**Student:** 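Here you go, one structure.
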Amino acid sequence: MIIVMGLPGAGKSTVLEGLSADIKQLNYGTMMFEIAKEKFGIGDRDNMRKLPVENQKEVQEAVAEKLSREDEKVVLDTHCSVKTSKGYLPGLPFGLLERLSVEGVVLITANPEEIFARRVGDPSRERDEETAESIREHDLMNKAFLASYAAHRGCPAKIIYNSQGKAEEASAELQAILE
Amino acid sequence: MIIVMGLPGAGKSTVLEGLSADIKQLNYGTMMFEIAKEKFGIGDRDNMRKLPVENQKEVQEAVAEKLSREDEKVVLDTHCSVKTSKGYLPGLPFGLLERLSVEGVVLITANPEEIFARRVGDPSRERDEETAESIREHDLMNKAFLASYAAHRGCPAKIIYNSQGKAEEASAELQAILE
Amino acid sequence: MIIVMGLPGAGKSTVLEGLSADIKQLNYGTMMFEIAKEKFGIGDRDNMRKLPVENQKEVQEAVAEKLSREDEKVVLDTHCSVKTSKGYLPGLPFGLLERLSVEGVVLITANPEEIFARRVGDPSRERDEETAESIREHDLMNKAFLASYAAHRGCPAKIIYNSQGKAEEASAELQAILE
């Protein structure tokens, strides 16, 4: 399993859409949302991050159990860390990582100013107020989390820049890792 | 337990003083000092960092044992990492973290230039010679340590900026996490 | 055991040559290469990083076994992370760290622009194409890995800058840690 992460506005979804069709993709957020809807009646995906930390952890546990039963090679699409009111909640805590068979962790990112501009221009999502500076901090913490995850698993940590207008190049870079 | 950390000059003590009186606060350094005084005859708190690393670890062990017996919700005030002659000694090594019940880790920090100015203006403590640049490095390493601690525990990692003249805002931000 | 790490061009070898002769030094890369040559027929040291990740891990395991039998105090010279096509492969994954008795981790680094200039001027090695910017990213990730390793072991993490023309000072700084 290759785990692909990125913060909102980094363009991770676009990069993943560019992968060849034979690669199985699972979205951790979708798996989380389905379980959160079932367990805690969450009706809107953007409200997930407002769930108390304890409940988010319970949902994580249920998803880990599901993922540990996957046996073909998959790309798991998730967050490196989720920005909550209590801080950056790691997407891959060691307790979860231990239960997955991980061959690589990938962070899709971009220049903080570009991410900021993309977020401002995207009316489809409810977002917290952020500045380029706070995005820069989140990006730095994501890189630190990425190193922790890789050190824990002994797997490589790849950073892919999805620069404006270069999503195809970013997809190709990700595709190369999967081969 | 919420663990609040910060490097000297970040104004952590001031921020903690602004918390409401009903929150129980423990100071890891004080607990360490009491045990170090007892075990190794350390007479001055600023000399703690000059203790050999092995002895610092022994003191850490004794404090962990004490803390694991706490059962009400507390704020633990400590260092993210201590700058010693042998490098940055992590304040929360995994061996210690495993023994504590941690709900969140918080780093109080500020702009390195502001921290530098505060240290220069504080005659009450013996300090090592530092520059804004070396404070910037320590701050970066603290953020990396913070991510490791949070990844290990699966708890959120919060960074609070205590900017000049804004300690009340920083206290309010911390108070919000505790509720 | 003190583990000394640095990325290509940081001048780690020069700094290690400046240590006093009574300090036993082992090179992890050499130990890796000897085993890789034996197991996978690798004939050139710079080709090591082109080995599939799975094989690199197998070689790491064999070296760990050898090192765990060392009983005198040694300096282990290694990479903090190796840049492979699949990302930054951590030099000290937790599974390896757990098997070693580590008293400190040290990162030898330098200004990214200086490292870039040194690499361009060194015709003796086959190197990947890099820019000062990509070296800056590698250096940041190395610092994050360093923090993870230190947090895991509870040992200090030291960063030593080997600035142009100051290798002797860097050696002296490292020597001081070993005493």
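All of these numbers come straight from a predicted model, not from anything done at the bench.
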**Student:** Looking at side-chain heavy atoms only, is the closest gap between B:Y161 and A:E137 below 4.5 Å?
**Tutor:**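 When only atoms from C-beta onward are counted, A:E137 and B:Y161 do touch, with a gap below 4.5 Å.
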**Student:** Find the distance between OG (A:S85) and CD (B:E173) and round it off to the nearest 0.5 Å.
**Tutor:**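 One finds 10.5 Å between OG of A:S85 and CD of B:E173.
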**Student:** Which heavy atom of B:A150 sits nearest a heavy atom of A:P90, and at what distance?
**Tutor:**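 B:A150 and A:P90 have their closest heavy atoms at O-CG, 3.4 Å.
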**Student:** Where on A:L140 is there a heavy atom nearer than 4.5 Å to chain B: the side chain, the backbone, both, or neither?
**Tutor:**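 For A:L140, the side chain is the part near chain B, not the backbone.
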**Student:** Hey, is CD on B:E168 packed in by over 12 heavy atoms from elsewhere, all under 6.0 Å?
**Tutor:**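 Not more than 12 within 6.0 Å, no.
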**Student:** Is there side-chain contact between B:I2 and A:K86, with heavy atoms separated by less than 4.5 Å?
**Tutor:** no
**Student:** So which heavy atom on B:P156 is nearest to which on A:T84, and how close?
**Tutor:**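 That closest heavy-atom pairing would be CB-OG1, 4.4 Å.
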**Student:** Can you tell me how far CZ of A:F145 sits from CG of B:L146, rounded to the nearest 0.5 angstrom?
**Tutor:**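 So the gap between those two atoms works out to 7.0 Å.
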**Student:** When rounded to the nearest 0.5 angstrom, what distance separates NE2 in B:H152 from OG in A:S148?
**Tutor:** 10.5 Å
**Student:** Where do A:Y149 and B:A151 come nearest, in terms of heavy atoms and distance?
**Tutor:**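 Closest approach of A:Y149 to B:A151, heavy atoms only: CE2-CB, 4.0 Å.
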**Student:** So which bits of residues 104-112 of chain B come within less than 4.5 Å of chain A, counting non-hydrogen atoms only?
**Tutor:**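 Residues in range: none.
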**Student:** Ignoring hydrogens, what is the shortest heavy-atom contact between B:A144 and A:A144? Give both atom names and the distance.
**Tutor:** CA-CB, 4.0 Å
**Student:** Counting only heavy atoms closer than 4.5 Å, note whether A:Q56 contacts chain B via side chain, backbone, both or neither.
**Tutor:**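 It is neither, since no heavy atom gets under 4.5 Å.
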**Student:** Apply salt bridge (charged side-chain N to carboxylate O under 4.0 Å, His left out) to A:E114 and list each qualifying residue two or more places apart in sequence or on a separate chain.
**Tutor:**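 Scan of A:E114 (salt bridge (charged side-chain N to carboxylate O under 4.0 Å, His left out), adjacent residues dropped) gives A:R118.
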